[in-house]
Amino acid sequence: MTTINRPLPPFDADERATLAGWLDFHRATLALKCEGLSDAQAATASVPPSGFTLIGLVQHMAEVERNWFRRVFAGEQAPPIHDPKADPDGPDGGFDLAPDATLATALATWRAELDRARDLCADRPLTATGRFMDQDVSLRWIYVHMIEEYARHNGHADLLRERIDGVTGV
């Protein structure tokens with residue numbers, strides 16, 4: 001039995017509501033892929049030699065949320081979450097697991113980043129910009145990129161979850 005609410009994006013809404021709806025749909029999909037798993041299951045690697053795990057994926061998406069909404073859009077000096085020595089301007093990390101990594105902690109950190117992202121975007125027009133690679137980047141572009149990022153990684157999560165316990169189709 002699922003406890004994750006995953007409403008469908010609106011079928012007939014303005015652009016902002018449509019983009020936000022799809023992003024939240026994909027965010028909820030990632031949470032659904034993790035629901036009901038033990039820490040050991042969520043730390044199970046995909047297929048050798050890859051060390052790709054669901055905990056690592058959730059950690060990575062927390063880093064991605066932080067990067068695009070806090071660093072790029074809001075211009076905050078937010079250090080990396082899971083690798084404090086990593087270059088904040090480098091690629092989004094988070095895939096590596098600390099020995100004490102838990103799914104609950106990864107999800108809580110990720111959800112805190114979601115809350116911060118929503119706060120930063122509230123009442124901001126899609127044409128508002130941040131800076132990326134010395135160029136302006138619109139909130140519209142960031143929303144589309146984040147939808148793409150989640151859609152791609154949710155495909156990975158589908159395969160991981162099926163390998164762990166056979167659950168498909170969420």
Side-chain angles (χ1 to χ4, degrees), residues 1-10 13-37 39 42-43 53-84 86-98 100-132 137-157 160-161 170:
M1 179 174 176
T2 185
T3 61
I4 306 292
N5 181 23
R6 185 178 67 166
L8 285 174
D14 64 22
E15 182 182 17
R16 175 62 179 261
T18 300
L19 291 172
W22 275 108
L23 181 53
D24 282 339
F25 176 85
H26 282 292
R27 286 167 168 163
T29 299
L30 179 57
L32 280 168
K33 290 297 172 183
C34 297
E35 189 172 51
L37 295 178
D39 290 335
T53 68
L54 281 170
I55 292 175
L57 180 54
V58 171
Q59 291 179 165
H60 171 69
M61 292 312 298
E63 296 285 6
V64 171
E65 292 273 353
R66 176 173 280 221
N67 183 59
W68 285 103
F69 291 109
R70 294 179 68 178
R71 291 187 197 115
V72 173
F73 185 63
E76 291 183 10
Q77 297 297 313
I81 303 164
H82 298 286
D83 184 1
D87 176 4
D89 296 323
D92 301 317
F95 288 112
D96 296 330
L97 302 187
D100 61 345
T102 67
L103 181 58
T105 300
L107 287 167
T109 300
W110 172 69
R111 287 184 177 117
E113 290 300 323
L114 300 184
D115 290 342
R116 182 71 180 132
R118 288 182 183 111
D119 288 346
L120 289 169
C121 296
D123 303 322
R124 298 291 307 275
L126 292 174
T127 55
T129 60
R131 296 289 289 170
F132 180 66
V137 59
S138 71
L139 181 56
R140 175 183 291 108
W141 190 96
I142 293 170
Y143 271 129
V144 171
H145 172 66
M146 292 298 292
I147 292 165
E148 172 273 327
E149 181 91 10
Y150 273 99
R152 180 166 33 99
H153 284 314
N154 282 338
H156 299 137
L160 281 165
R161 184 63 190 252
V170 178

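- Taken from CD1 in I55 to CG in D96, the straight-line distance is 12.5 Å, to the nearest 0.5 Å.
- Taking E15 as the reference, R140 meet the side chain to side chain donor-acceptor pair (under 3.5 Å) condition, with sequence neighbours excluded.
- Applying the salt bridge (Lys or Arg N to Asp or Glu O under 4.0 Å) criterion to E76, with sequence neighbours excluded, gives R70, R116.
- Residues passing the side chain to side chain donor-acceptor pair (under 3.5 Å) test with Q59, sequence neighbours excluded: none.
- By the 4.5 Å heavy-atom criterion applied to side chains, W68 and W141 are counted as neighbours.
- Residues D39 and A104 approach most closely at OD1-N, 4.3 Å, considering heavy atoms.
- H153 is linked by a side chain to side chain donor-acceptor pair (under 3.5 Å) to H60, E149, H156, counting only residues two or more places apart in sequence or in another chain.
- The side chain to side chain donor-acceptor pair (under 3.5 Å) test applied to T105 returns T102, not counting sequence neighbours.
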What do the steps show when you test L32 against E35 for side-chain contact (heavy atoms from CB on, under 4.5 Å), and what is the final call? CA-CA 5 Å; L32 280 168; E35 189 172 51; 4.0 Å; yes

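- Separation of atoms CZ (F25) and CD1 (I147) is listed at 11.5 Å; rounding is to 0.5 Å.
- Between the OG1 atom in T18 and the CG atom in L23 there is a gap of 12.5 Å [rounded to 0.5 Å].
- Residues L139 and T129 form no side-chain contact, since every pair of their non-hydrogen atoms from C-beta on lies 4.5 Å or further apart.
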Chi angles and distances behind the side-chain contact (heavy atoms from CB on, under 4.5 Å) call for R111, L107: CA-CA 6 Å; R111 287 184 177 117; L107 287 167; 3.6 Å; yes

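- L160 has its side chain out of reach of K33: every pair of non-hydrogen atoms, C-beta onward, lies at least 4.5 Å apart.
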Check against side chain to side chain donor-acceptor pair (under 3.5 Å), E148 and Y143: CA-CA 9 Å; E148 172 273 327; Y143 271 129; over 6 Å; no

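- Listed by chain and number, the residues in a salt bridge (Lys or Arg N to Asp or Glu O under 4.0 Å) with D115 are R118 (sequence neighbours excluded).
- Considering only heavy atoms from C-beta on, V58 comes within 4.5 Å of C34 through its side chain.
- To the nearest 0.5 Å, the span separating CG on L19 from CG on D24 amounts to 11.0 Å.
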Go through H145 and V137 one step at a time and tell me if the side-chain contact (heavy atoms from CB on, under 4.5 Å) criterion holds. CA-CA 11 Å; H145 172 66; V137 59; over 6 Å; no

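- Taking the six-membered ring for Trp and the full ring otherwise, the centers of Y150 and W22 sit at least 6.0 Å from each other.
- Counted within 6.0 Å of CG on D119, heavy atoms from surrounding residues, nucleotides or ligands total more than 12; the atom is thus considered enclosed.
- Between P10 and G21, the shortest heavy-atom distance links the atoms CD-CA, 4.2 Å.
- Judged by distance alone, the side chain of R66 and the main-chain N or O of P79 form a donor-acceptor pair under 3.5 Å.
- The side-chain heavy atoms of R161 and L37, taken from C-beta on, include a pair separated by under 4.5 Å.
- C121 contributes atom SG, which lies 4.5 Å from atom CZ of F69 (distance to the nearest 0.5 angstrom).
- Expressed to the nearest 0.5 Å, how far OG1 of T29 lies from CD1 of I4 amounts to 10.0 Å.
- Judged by distance alone, the side chain of R27 and the main-chain N or O of R6 form no donor-acceptor pair under 3.5 Å.
- For E63 (side chain) and P80 (main-chain N/O), no donor-acceptor pair under 3.5 Å exists by modelled atom type.
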Check the pair T53, L97 against side-chain contact (heavy atoms from CB on, under 4.5 Å), reporting the backbone distance first and the verdict last. CA-CA 9 Å; T53 68; L97 302 187; 3.7 Å; yes

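- Put simply, the side chain of E65 never gets that close to the backbone of W110: no donor and acceptor are under 3.5 Å apart.
- For N154 (side chain) and H26 (main-chain N/O), a donor-acceptor pair under 3.5 Å exists by modelled atom type.
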